[in-house]
Amino acid sequence: MSYEIQPNIFCENCIKCNERPVVDQGKKGWEIKCPNKTCKNVVAGPLLDFEGWNRLNKKNITIAAETQALKRTA
């Protein structure tokens with residue numbers, strides 16, 4: 001049985017199909033997974049690992065603009 005994640009918990013959408021993930025409890029722990037069965041995007045562990053899910057499903061951003069602000073000016 002899958003449970004919806006509360007809207008006030010920050011959680012990235014699935015990078016493959018852009019669905020909000022759900023939580024499922026298995027025999028050996030918890031899974032954060034995509035509700036789309038064909039996607040098969042899952043992060044499993046003994047505890048809920050939202051940081052791991054967010055790290056896997058973060059969209060690639062360009063860091064060049066951020067590093068421009070860190071240049072030494074002196």
Side-chain angles (χ1 to χ4, degrees):
M1 182 173 175
S2 298
Y3 302 99
E4 290 185 22
I5 299 173
Q6 294 180 357
N8 61 346
I9 296 175
F10 175 71
C11 195
E12 295 279 348
N13 289 342
C14 177
I15 199 163
K16 296 177 183 177
C17 63
N18 205 25
E19 293 283 330
R20 183 153 172 90
V22 294
V23 174
D24 196 18
Q25 185 177 13
K27 291 181 180 179
K28 295 186 179 183
W30 293 91
E31 297 178 339
I32 301 174
K33 64 182 186 176
C34 181
N36 188 356
K37 295 191 186 285
T38 60
C39 187
K40 298 182 181 178
N41 192 1
V42 176
V43 173
L47 298 173
L48 290 173
D49 188 13
F50 287 106
E51 292 178 11
W53 174 267
N54 289 337
R55 195 171 39 250
L56 277 174
N57 291 288
K58 185 167 230 153
K59 294 179 175 57
N60 292 334
I61 58 171
T62 57
I63 303 175
E66 294 175 11
T67 57
Q68 293 294 329
L70 300 175
K71 277 188 175 179
R72 291 186 183 211
T73 57

For this session: Apply side-chain hydrogen bond (donor to acceptor under 3.5 Å, both in side chains) to Asn54 and list each qualifying residue two or more places apart in sequence or on a separate chain.
Result: none
Exercise. Under the 4.5 Å side-chain heavy-atom rule for ILVMFWY, direct or indirect, which residues accompany Met1?
Worked result: Tyr3
Exercise. With a 4.5 Å heavy-atom cut-off, do Ser2 and Pro35 have their side chains touching?
Worked result: no
Problem set entry | Inter- and intrachain pairs under salt bridge (charged side-chain N to carboxylate O under 4.0 Å, His left out), touching residues 29-50, at least two apart | Asp24-Lys33
For this session: If you link ILVMFWY side chains whenever their heavy atoms are less than 4.5 Å apart, which other residues fall into the same cluster as Val42? By chain and number, please.
Result: none
For this session: Please write out which residues are connected to Trp53 in a hydrophobic cluster, directly or through intermediates, given that two of Ile, Leu, Val, Met, Phe, Trp, Tyr count as joined at side-chain heavy-atom separations below 4.5 angstrom.
Result: Ile5, Ile9, Val23, Trp30, Ile32, Val43, Leu48, Phe50, Leu56
For this session: Could you work out the complete set of other residues in the hydrophobic cluster of Ile15, with links drawn between I, L, V, M, F, W and Y side chains under 4.5 Å apart?
Result: none
For this session: Give every residue pair that meets the salt bridge (charged side-chain N to carboxylate O under 4.0 Å, His left out) criterion with at least one member in residues 8-21, sequence neighbours excluded.
Result: none
